[in-house]
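First the structure, then my questions, so here it is.
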2 protein chains.
Amino acid sequence: MTEDGRRTTGPGGTARRGRPRSFDREAALEQAVLAFWEHGYETTSVADLTRVMGIGAPSLYAAFGDKKALFEECVARYGERQGSYMGVALAEEPTGGAAVRRLLREAAAVFTAPGRPRGCMVISSAVNYQDAGAEVAAGLRGIRNRNLRTIEGRLREDLAAGLLPPTADPATLARFVGTVLQGMSQQARDGATRQELDAVAEIALTAWPAV
Amino acid sequence: MTEDGRRTTGPGGTARRGRPRSFDREAALEQAVLAFWEHGYETTSVADLTRVMGIGAPSLYAAFGDKKALFEECVARYGERQGSYMGVALAEEPTGGAAVRRLLREAAAVFTAPGRPRGCMVISSAVNYQDAGAEVAAGLRGIRNRNLRTIEGRLREDLAAGLLPPTADPATLARFVGTVLQGMSQQARDGATRQELDAVAEIALTAWPAV
DNA sequence: TTCTTTCTGTAGCGACCACTAGAGAAACGT
DNA sequence: ACGTTTCTCTAGTGGTCGCTACAGAAAGAA
């Protein structure tokens with residue numbers, strides 16, 4: 001049994017038995033991403049989810065497990081698609097400094113892209129929670145703190161390569177980047193335009209230490 | 001009838017009739033502030049509130065109206081106490097630039113003060129919501145955007161007084177300050193220490209334009 | 001066709017949501 | 001003491017929460 005409880009063909013290429021799923025799992029998942037992204041984990045009910053996904057509750061539970069598992073799959077999916085800008089910037093730019101510059105500039109665009117929720121799902125979808133959302137919130141916090149350490153690692157390389165002044169502290173610089181990103185995400189949710197966020201990112205980058 | 005539905009003495013100084021309230025309204029309000037601050041508006045139930053306030057639901061409704069009215073009173077109270085740092089900085093510092101410097105440095109301390117929730121209540125207590133919390137979220141967003149315009153006004157004065165370079169844009173600078181504050185609030189909630197936030201604020205201030 | 005497998009829709013589980021009716025308790029003035 | 005006023009406590013209201021039992025539908029296998 002695969003994670004989603006089904007596959008189109010068996011191991012030997014034989015067709016799967018039983019009634020086939022009547023909805024597009026990928027499309028339904030994408031709708032769930034949008035709902036969680038917009039309203040957050042605890043504040044999005046299963047009824048909200050089934051409505052936007054266009055399926056009944058039993059189908060949701062059969063295909064995704066439960067609400068928490070669905071959310072985690074949504075976070076993973078978000079990270080592969082809309083939220084991939086951070087990994088891409090870190091992977092494609094040659095230095096940490098260049099990655100940070102690209103990161104902040106792309107965030108301004110990504111956080112205000114039309115036709116989808118504003119801001120970053122990893123940042124904003126589990127800010128308010130009670131016991132039921134504590135684990136999920138801890139998971140997102142873990143992602144954020146891991147991202148911070150990744151940036152810090154890249155900046156440590158910059159420091160060793162002489163691309164940062166010897167007095168620069170990679171950990172603090174990384175936290176500064178995270179702070180600006182989280183602030184930009186909230187600003188986007190408060191109505192800031194892409195141009196306004198671009199200007200904010202530009203100011204933040206003037207704080208970057210030069211050798 | 002006063003807002004809270006009672007007073008200790010009547011207009012003529014005569015004692016109030018009827019059974020007196022058996023709890024300290026101020027103390028109960030303060031506990032409600034802490035609960036909303038920690039968990040947010042929609043994710044704090046009336047049962048949570050009555051528990052931390054130490055009163056029954058009918059007493060809460062008699063003394064504060066309903067959940068929304070209680071929250072609004074909590075926001076007002078927060079603004080007078082723990083959240084007053086912004087107004088104080090803007091009122092006491094002679095220039096916008098000095099106010100911003102003080103603001104960011106005090107935020108590092110206020111957002112990580114021991115014995116109370118981390119971050120800023122106005123920033124973080126209505127990030128995730130559905131229909132029921134939409135009005136409350138809009139109210140907080142209004143406070144944030146009003147604060148931004150207040151800072152912008154002070155920076156406009158700095159610009160006119162020649163304390164900022166003529167190319168500086170007060171609106172963008174104000175939004176940068178708001179972005180860093182919102183980011184610092186989230187960082188505090190993610191576990192950043194006061195020292196770490198201090199260092200972040202210091203970096204942010206290096207971006208401040210000098211004449 | 002008939003059996004087996006898997007999905008879907010109805011209907012509802014106990015728990016909780018914000019909120020309140022109504023009875024009794026505790027203060028007042030007279 | 002007695003009536004009036006106001007608060008508190010018990011016990012609920014209808015509605016929604018996440019989740020699921022069960023029956024019927026829709027597919028492949030025999």
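Letters A, B, ... are given to chains in the order of the sequence lines, protein chains preceding strands, and every chain is numbered from 1.
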A:Val200 side chain near A:Gln187 side chain, heavy-atom distance below 4.5 Å
no

If you compare every side-chain N and O of B:Ser22 against the phosphate oxygens of D:dC7 (OP1, OP2), does one of them come in below 4.0 Å?
no

Using atom CG of B:Leu70 as one end and atom P of C:dC19 as the other, report the distance to the nearest whole Å.
10 Å

Nearest of D:dT8, D:dC17, D:dA26 to any side-chain atom of B:Phe23?
D:dT8

Counting only side-chain N and O atoms of B:Tyr61, is one of them less than 4.0 Å from OP1 or OP2 of C:dC19?
yes

Considering just the side-chain nitrogens and oxygens of A:Ser45, establish if one lies under 4.0 Å of OP1 or OP2 belonging to D:dC17.
yes

Return the nearest nucleotide to the side chain of B:Pro20; candidates are C:dC17, D:dA26, C:dA26.
C:dA26

Choosing from D:dC7, C:dA26, D:dG18, which nucleotide comes nearest the side chain of B:Arg21?
D:dC7

Closest of C:dT4, C:dG29, C:dT10 to the B:Arg17 side chain is C:dG29

Among C:dC17, C:dT6, D:dC19, which nucleotide has an atom closest to any side-chain atom of A:Arg19?
C:dT6

5'-most contact on DNA chain D (nearest-nucleotide basis), B:Pro58 vs A:Val46, goes to B:Pro58

Are A:Lys67 and A:Tyr41 in a cation-pi setup, meaning NZ or CZ lies under 6.0 angstrom from the ring centre and within 45 degrees of the ring axis?
yes

Are the charged groups of B:Arg77 and B:Glu73 less than 4.0 angstrom apart, N to O?
no

A:Gln130 and B:Asp48, any side-chain heavy atoms less than 4.5 Å apart:
yes

